[in-house]
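The model shown is predicted, which means the values in this text are computed figures rather than measured ones. Computed over heavy atoms, backbone and side chain alike; hydrogens, waters and symmetry mates excluded.
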Protein chains: 2
Amino acid sequence: MGAAPSVNLASETEMTEDPTHTAAGGPGARAPLTRERIVEAAVRLMDEEGLAAVTMRRVGRAVGVEAMSLYHHVRDKDDLLDGVVDHVMRGFPFPAEPGPSSEDLAAYGRAVAHAWRRTLRAHPAVVELLARRGRSARSAALLRPVEVALWTLRRMGLSPPDAARAFHVIGSYVMGSVVLETGRISAAEGGGGATGHDLPPDAFPQVLEALSYLDADDPDERFDFGLDLMIEAIRTLAGRSREPERDVGTSNATR
Amino acid sequence: MGAAPSVNLASETEMTEDPTHTAAGGPGARAPLTRERIVEAAVRLMDEEGLAAVTMRRVGRAVGVEAMSLYHHVRDKDDLLDGVVDHVMRGFPFPAEPGPSSEDLAAYGRAVAHAWRRTLRAHPAVVELLARRGRSARSAALLRPVEVALWTLRRMGLSPPDAARAFHVIGSYVMGSVVLETGRISAAEGGGGATGHDLPPDAFPQVLEALSYLDADDPDERFDFGLDLMIEAIRTLAGRSREPERDVGTSNATR
DNA sequence: ACCTGAACACCGTTCAAGT
DNA sequence: ACCTGAACACCGTTCAAGT
């Protein structure tokens, strides 16, 4: 994998060592080390090799510096990981503003859920980071998409407590689906044979049958199957808890 | 929990060092080191201090032995972690067999979901283990509860592919709710003030309001809110996909 | 058969020292 | 102001050696 030399002709596939020279191109001049460059290297490492590969020493190597130098730009490793979550959430693909109709809002709700799913699937390890440190990782970049999701649920007609609950339910589903899919808990091994270590082949007939269906399914369609189910339930719930919903506002200020 | 020594008078609080003497009680004689004793120590460590505390060296210390000795009973750390998942799943609290009515089956489905939730909440780190190594951790102890869940969905009238999908949807929800709750992604800090580092206090009004509701909610009730929603949707779906369901069997052979 | 000391290549983090 | 060498207390794992 090699240390990407001065002249910039390397394609950008797989270069874990990136000494990132200045635009001037002087072969010895380094771009100054910044928190952002460090965080980006950490994200790349996380996505390519998993959270365990994100060590101070390896991140240092990736930006062409000794590990100890990183401490001038991040407080410690936890701070670096907060930066990682923040960086990923800053890439959240906000969908275009919805129209006012109930159908528009439902479609927008679906789109927001899809944006969450897309963000998390692109960086599955952030689910683990959120699980471990949800409390500390509350940056604006993270809260903005949360605010949008809640705002949508309110506009769909849910009362404040119901919107909070619905957010938690759908959020659990989105998180969980990413966990199951990245752990490939549903996927079969290689052939159709033994799925575990040395299981009696017919001890789990339902599991065997289900695995074949789950493997054949498109994950996105399967996700929508569950999501639509929840969106429909929310619209029903909205009918019940509807009140003169005037003070939610009609434009999304935090976007 | 606890080292269950010869004479049973030790209270079982917090003894991480457990030299576990033999039944004979000779103060120098050790109970033989077994895979099971090692796995139990690892589970205890995981529950009390998190997955990061489960190191070969600390597990060794917990069972009164040097780290290298563990390799006589587990192949490596991955094998130990497989053992941890297996041990936890062997504790799955299977609910009592359901009656034949649609209501009985729905209640049984709810009970199975609760058993999953209870198991995972008692050992939240296994969600992470399943996510990282779902494919390799397929022991009989893990597949048995999966088989029961699938079997229940089939008895409720779902076709095989729909049962697989419904399992995935509900499974995602169960997993995700544990992730969100153990990460306390929904809980507020201490007072009612700033929830993040230094957020403009009114940048996220929906988030602020939702947090107060989520904190006030009973997590179990909130979970049931989403679960009932899915169970109802399944019963509707079952009405659509119903066929002469004769070969599912009426007793659960894998229990 | 079971346990261990010493060793190797890794971790995160600190601190005095270099430019 | 920014980077580093050396050090400390940790990791997982191997292997020859002890009982």
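- What separates CZ of B:Arg37 from P of C:dC2 is a distance of 14 Å, to the nearest Å.
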Distance-only check: which donor-acceptor pairs under 3.5 Å involve side-chain atoms of residues 171-178 of chain B, not counting sequence neighbours?
residue, atom, partner, partner atom, Å
B:Ser172, OG, B:His168, O, 2.8
B:Tyr173, OH, B:Phe223, O, 2.9
B:Ser177, OG, B:Tyr173, O, 3.4
B:Ser177, OG, B:Val174, O, 2.9

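- Under the side chain to side chain donor-acceptor pair (under 3.5 Å) criterion, B:Arg118 pairs with no residue, sequence neighbours left out.
- Listed by chain and number, the residues in a side chain to side chain donor-acceptor pair (under 3.5 Å) with A:His73 amount to none (sequence neighbours excluded).
- Contacts of B:Arg121 classified as salt bridge (charged side-chain N to carboxylate O under 4.0 Å, His left out), with partners at least two apart in sequence or in another chain: B:Glu181.
- In this structure, A:Leu45 atom CG and C:dC11 atom P are separated by 10 Å, rounded to whole Å.
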Protein N or O to nucleotides 17-19 of chain D N or O, pairs below 3.5 Å:
none

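- Remark: B:Asp78 engages no residue in a side chain to side chain donor-acceptor pair (under 3.5 Å) (not counting sequence neighbours).
- In this structure, A:Arg57 has no side chain to side chain donor-acceptor pair (under 3.5 Å) partners at least two apart in sequence or on a different chain.
- Put simply, CZ on A:Arg57 is 7 Å from P on C:dC11, counting in whole angstrom units.
- Spacing between atom CZ of A:Arg35 and atom P of D:dC2 amounts to 15 Å, rounded to whole angstrom units.
- B:Gln206 places no side-chain N or O within 3.5 Å of a backbone atom of A:Glu147 that could act as its donor or acceptor partner.
- Shown for residues 66-79 of chain B: residues whose heavy atoms fall under 4.0 angstrom of DNA chain C, namely B:Glu66, B:Met68, B:Ser69, B:His72, B:His73.
- Paired runs in DNA chain D that reach 3 or more consecutive Watson-Crick or G-U pairs, where each pair keeps both distances under 3.5 Å, cover C:4-8 with D:12-16, C:12-16 with D:4-8.
- Every residue two or more places apart in sequence or in another chain that forms a salt bridge (charged side-chain N to carboxylate O under 4.0 Å, His left out) with B:Asp217 is listed here: A:Arg165.
- Checked against side-chain contact (heavy atoms from CB on, under 4.5 Å), A:Ala42 has the following partners two or more places apart in sequence or in another chain: A:Val54, A:Val59, A:Leu80, A:Val84.
- Contacts of A:Glu40 classified as side-chain contact (heavy atoms from CB on, under 4.5 Å), with partners at least two apart in sequence or in another chain: A:Glu36, A:His87.
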